[in-house]
Novice: 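Quick one: the structure is below, and I'll ask about it shortly.
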Amino acid sequence: MISLTDDKKMLGYGLLGAYPNISHFVTTRHGGYSEGAYASFNCSPYSGDEFEKVKKNQLLLFQSLPQVPKHLILPFQTHGTKVLLINKDFLETSIECQQEMLDGIDALITSEPGCCIGISTADCIPVLLYDKVHGGVAAVHAGWRGTVGYIVGHTLEKMRAAFGTEGRDVIACIGPGISIQSFEVGDEVYEAFRLNGFDMSRISFRHSVTHKYHIDLWEANRQQLLDFGVPGVQIEVADICTYIHYEDFFSARRLGIKSGRILSGIMINC
């Protein structure tokens with residue numbers, strides 16, 4: 001990954017950074033106002049942090065971007081597979097209606113300039129997508145439940161329906177999340193992936209000492225991109241484990257559910 005700020009509180013991707021007509025970012029734990037398990041750059045309003053500190057952190061975020069967003073749209077995620085299109089109709093409705101529409105959403109897509117869409121993670125896998133031909137973007141929250149439910153595939157299909165997206169058009173970046181080495185799962189999780197058609201030889205191994213299965217969520221989501229026709233050279237994987245590097249990235253397994261979140265966002269510039 002590349003640093004977007006001198007203090008390295010915000011990171012980005014080399015592949016997406018090559019396109020000046022979009023802005024994107026991945027936050028770290030550093031450089032903000034929050035305290036305790038939220039220390040310090042938590043921009044998520046949904047994890048129990050103090051409202052004023054979240055707003056101050058979001059203001060820092062805006063100031064670090066090359067263009068200040070007109071809107072910052074963040075869904076209330078529930079580890080599902082629902083994808084929401086953010087369009088003019090959404091933006092023109094009331095705040096109350098917007099919040100209702102964002103409840104239970106785990107991926108957003110848009111082609112509206114100045115509209116920054118983002119998702120929050122702390123061990124789950126963030127995926128950012130850019131259709132370089134048709135100008136659509138997506139932010140995807142892929143925990144194990146979303147991954148096993150093919151949320152990345154569903155998001156790409158939604159982009160195809162909304163924008164005409166094809167695999168060859170897509171730049172895809174898979175962000176910091178829990179690695180296969182750290183993601184030990186029970187037999188029921190392994191079986192959920194197997195029964196849903198994943199190639200377990202590619203995305204899992206069984207530990208020789210603990211005899212527990214481990215799942216590679218990065219690879220499981222990369223396979224969905226490849227299945228849609230995204231060329232491998234157009235996929236970037238951060239290869240940063242949040243559980244191992246918890247001092248730099250929020251990890252719910254380390255810090256608990258009541259802790260900060262990494263914010264991954266993408267926007268088409270005005």
Novice: A side-chain contact here means heavy atoms from C-beta on lying under 4.5 Å apart; do Ile235 and Ile174 qualify?
Specialist: yes
Novice: Asp199 vs Ser201, test: side chain to side chain donor-acceptor pair (under 3.5 Å). Steps then yes/no.
Specialist: CA-CA 5 Å; Asp199 182 348; Ser201 67; 2.5 Å; yes
Novice: Please answer: with hydrophobic residues joined when any side-chain heavy atoms are less than 4.5 Å apart, are Met267 and Phe25 in the same cluster?
Specialist: no
Novice: Please examine the side chains of Phe90 and Leu85, heavy atoms only from C-beta on, and report whether any two atoms are closer than 4.5 Å.
Specialist: no
Novice: Measuring only between side-chain heavy atoms, which start at C-beta, is Thr110 closer than 4.5 Å to Asn87?
Specialist: no
Novice: Donor-acceptor check, side chain of His71 to backbone of Ile73, threshold 3.5 angstrom: yes or no?
Specialist: no
Novice: Check for me whether Arg261 meets the cation-pi criterion with Tyr46, that is, NZ or CZ under 6.0 Å from the six-membered ring centre and within 45 degrees of the ring axis.
Specialist: no
Novice: Spell out, as yes or no, whether a donor-acceptor pair under 3.5 Å connects the side chain of Asp169 to the backbone of Glu166.
Specialist: yes
Novice: Say whether, by atom type as modelled, one donor and one acceptor occur between the side chain of Glu50 and the main chain of Ser34 under 3.5 angstrom.
Specialist: no
Novice: Test side-chain contact (heavy atoms from CB on, under 4.5 Å) on Met1 and Asp239 and set out the steps.
Specialist: CA-CA 9 Å; Met1 299 187 75; Asp239 199 29; over 6 Å; no
Novice: For Lys82, does its backbone N or O pair with a side-chain atom of Asp106 as donor and acceptor, under 3.5 Å?
Specialist: no
Novice: Is it true that Ile151 and Val230 fall in one hydrophobic cluster, defined by side-chain heavy atoms closer than 4.5 Å?
Specialist: yes
Novice: So, does Asn221 use its side chain to make a donor-acceptor pair with the main chain of Val152 at under 3.5 Å?
Specialist: no
Novice: Are Val83 and Ile86 in one and the same hydrophobic cluster, where Ile, Leu, Val, Met, Phe, Trp and Tyr link if side-chain heavy atoms are under 4.5 Å apart?
Specialist: no
Novice: Could you check whether any side-chain N or O of Arg29 sits under 3.5 Å from a backbone N or O of Ser40, counting only pairs where one atom can act as donor and the other as acceptor?
Specialist: no
Novice: Is there a donor-acceptor contact under 3.5 Å from the side chain of Gln58 to the main chain of Cys43?
Specialist: yes
Novice: Starting from the C-alpha separation in whole Å, work towards a yes-or-no answer on side-chain contact (heavy atoms from CB on, under 4.5 Å) for Ile203 and Trp218.
Specialist: CA-CA 8 Å; Ile203 70 162; Trp218 295 334; over 6 Å; no
Novice: State the CG-CD distance between Leu225 and Glu219, to the nearest 0.5 angstrom.
Specialist: 10.0 Å
Novice: With side chain to side chain contact (heavy atoms under 4.5 Å, CB included) as the test, pick out the partner of Ile117 among Leu128, Ile266, Leu72.
Specialist: Ile266
Novice: Atom CD of residue position Glu157 - does it have more than 12 heavy atoms of other residues, nucleotides or ligands inside 6.0 Å?
Specialist: yes
Novice: Check whether the side chains of His134 and Asp131 place a donor and an acceptor atom closer than 3.5 Å, and report yes or no.
Specialist: yes
Novice: Hey, is the main chain of Tyr13 close enough, under 3.5 Å, to the side chain of His24 for a donor-acceptor pair?
Specialist: yes
Novice: Would you mind reporting whether Phe62 and Cys116 have side-chain heavy atoms less than 4.5 Å apart?
Specialist: no
Novice: Mind checking whether Phe193 and Phe198 have parallel, tilted or perpendicular rings, split at 30° and 60°?
Specialist: perpendicular
Novice: Before accepting this row, confirm whether a basic side-chain N of the pair Lys55/Glu52 lies closer than 4.0 Å to the acidic partner's carboxylate O.
Specialist: no
Novice: Do Val185 and Trp144 come within less than 4.5 Å of each other through their side chains, counting heavy atoms only?
Specialist: no
Novice: Start with the C-alpha distance between Leu16 and Ile22, add both sets of side-chain angles, then the distance that settles side-chain contact (heavy atoms from CB on, under 4.5 Å), and finish with yes or no.
Specialist: CA-CA 8 Å; Leu16 289 175; Ile22 61 170; 3.8 Å; yes
Novice: Atom CD1 in Ile178, atom SG in Cys124: separation rounded to 0.5 Å?
Specialist: 9.0 Å
Novice: Would you give the length of the straight line joining atom CD of Gln224 to atom NE2 of His154, rounded to the nearest 0.5 angstrom?
Specialist: 8.0 Å
Novice: Looking only at heavy atoms, what is the nearest atom pair of Leu15 and Cys173, with distance?
Specialist: CB-SG, 4.3 Å
Novice: What is the distance from atom CZ of Arg222 to atom CG of Leu217, rounded to the nearest 0.5 Å?
Specialist: 14.0 Å
Novice: Looking at every non-hydrogen atom in both residues, tell me the closest pair between Cys270 and Pro113 and how far apart they are.
Specialist: SG-C, 3.9 Å
Novice: Between Ser44 and Asn42, does any side-chain donor sit less than 3.5 Å from a side-chain acceptor?
Specialist: no
Novice: Would you say Leu129 and Met159 make side-chain contact, with heavy atoms under 4.5 Å?
Specialist: yes
Novice: Measure the acute angle between the ring planes of Tyr213 and Tyr190, then classify it against the limits of 30° and 60° as parallel, tilted or perpendicular.
Specialist: parallel
Novice: Are Lys88 and Glu112 close enough that some pair of their side-chain heavy atoms sits under 4.5 Å apart?
Specialist: yes
Novice: Return the CZ to CE distance between Arg194 and Met200, rounded to the nearest 0.5 Å.
Specialist: 8.5 Å
Novice: If we only count heavy atoms from C-beta on, is the Val137 to Phe163 side-chain gap below 4.5 Å?
Specialist: no
Novice: Please check if the number of heavy atoms outside Lys53 that lie under 6.0 Å from its NZ is greater than 12.
Specialist: yes
Novice: With distance as the sole test, does Ser47 use its side chain to make a donor-acceptor pair with the main-chain N or O of Lys258 at under 3.5 Å?
Specialist: no
Novice: Go through the side-chain N and O atoms of Ser179 and Gln181 and say whether any donor and acceptor fall under 3.5 Å apart.
Specialist: yes
Novice: With side-chain contact (heavy atoms from CB on, under 4.5 Å) as the test, would you mind laying out the steps for Lys70 and Cys115 before giving the verdict?
Specialist: CA-CA 6 Å; Lys70 293 180 182 177; Cys115 182; over 6 Å; no
Novice: If you compare all heavy atoms of Ala138 against all heavy atoms of Ile109, which two are closest, and at what distance to 0.1 Å?
Specialist: CB-CG2, 3.6 Å
Novice: Run through Ile119, Thr121, Asn57, Leu74 and flag the one making a side chain to side chain contact (heavy atoms under 4.5 Å, CB included) with Leu263.
Specialist: Leu74
Novice: With a cut-off of 6.0 Å (strictly less than), are more than 12 heavy atoms of other residues, nucleotides or ligands near CZ of Arg168?
Specialist: no
Novice: Side chains of Asn21 and Asn269: do they bring a donor and an acceptor to under 3.5 Å?
Specialist: no
Novice: Below 6.0 angstrom between ring centroids: does that apply to Phe205 and His214?
Specialist: yes
Novice: If you measure only the distance, is there a donor-acceptor pair under 3.5 Å linking the side chains of Asp7 and Thr5?
Specialist: yes
Novice: Nearest heavy-atom pair of Tyr246 and Ser251: which atoms, and what distance?
Specialist: CB-CB, 4.1 Å
Novice: Write down the atom of Ser3, the atom of Leu11, and the distance for their closest heavy-atom approach.
Specialist: CA-CD2, 3.9 Å
Novice: Starting from Ile244, can I reach Leu255 by hopping between I/L/V/M/F/W/Y residues whose side chains sit under 4.5 Å apart?
Specialist: no
Novice: Is a side-chain donor or acceptor of Gln77 paired with a backbone partner of Ser120 at a separation under 3.5 angstrom?
Specialist: yes
Novice: Testing the basics here: between Arg160 and Phe228, what is the closest heavy-atom pair and its distance to 0.1 Å?
Specialist: NH2-CE1, 2.9 Å
Novice: Any link between Ile240 and Val237 through a network of hydrophobic side chains (Ile, Leu, Val, Met, Phe, Trp, Tyr) touching at under 4.5 Å?
Specialist: no
Novice: Looking only at the side chains, is there a donor atom on one of Asp248 and Thr28 sitting less than 3.5 Å from an acceptor on the other?
Specialist: no
Novice: Rounded to the nearest 0.5 Å, what separates atom CE in Met10 from atom NE2 in His30?
Specialist: 14.0 Å
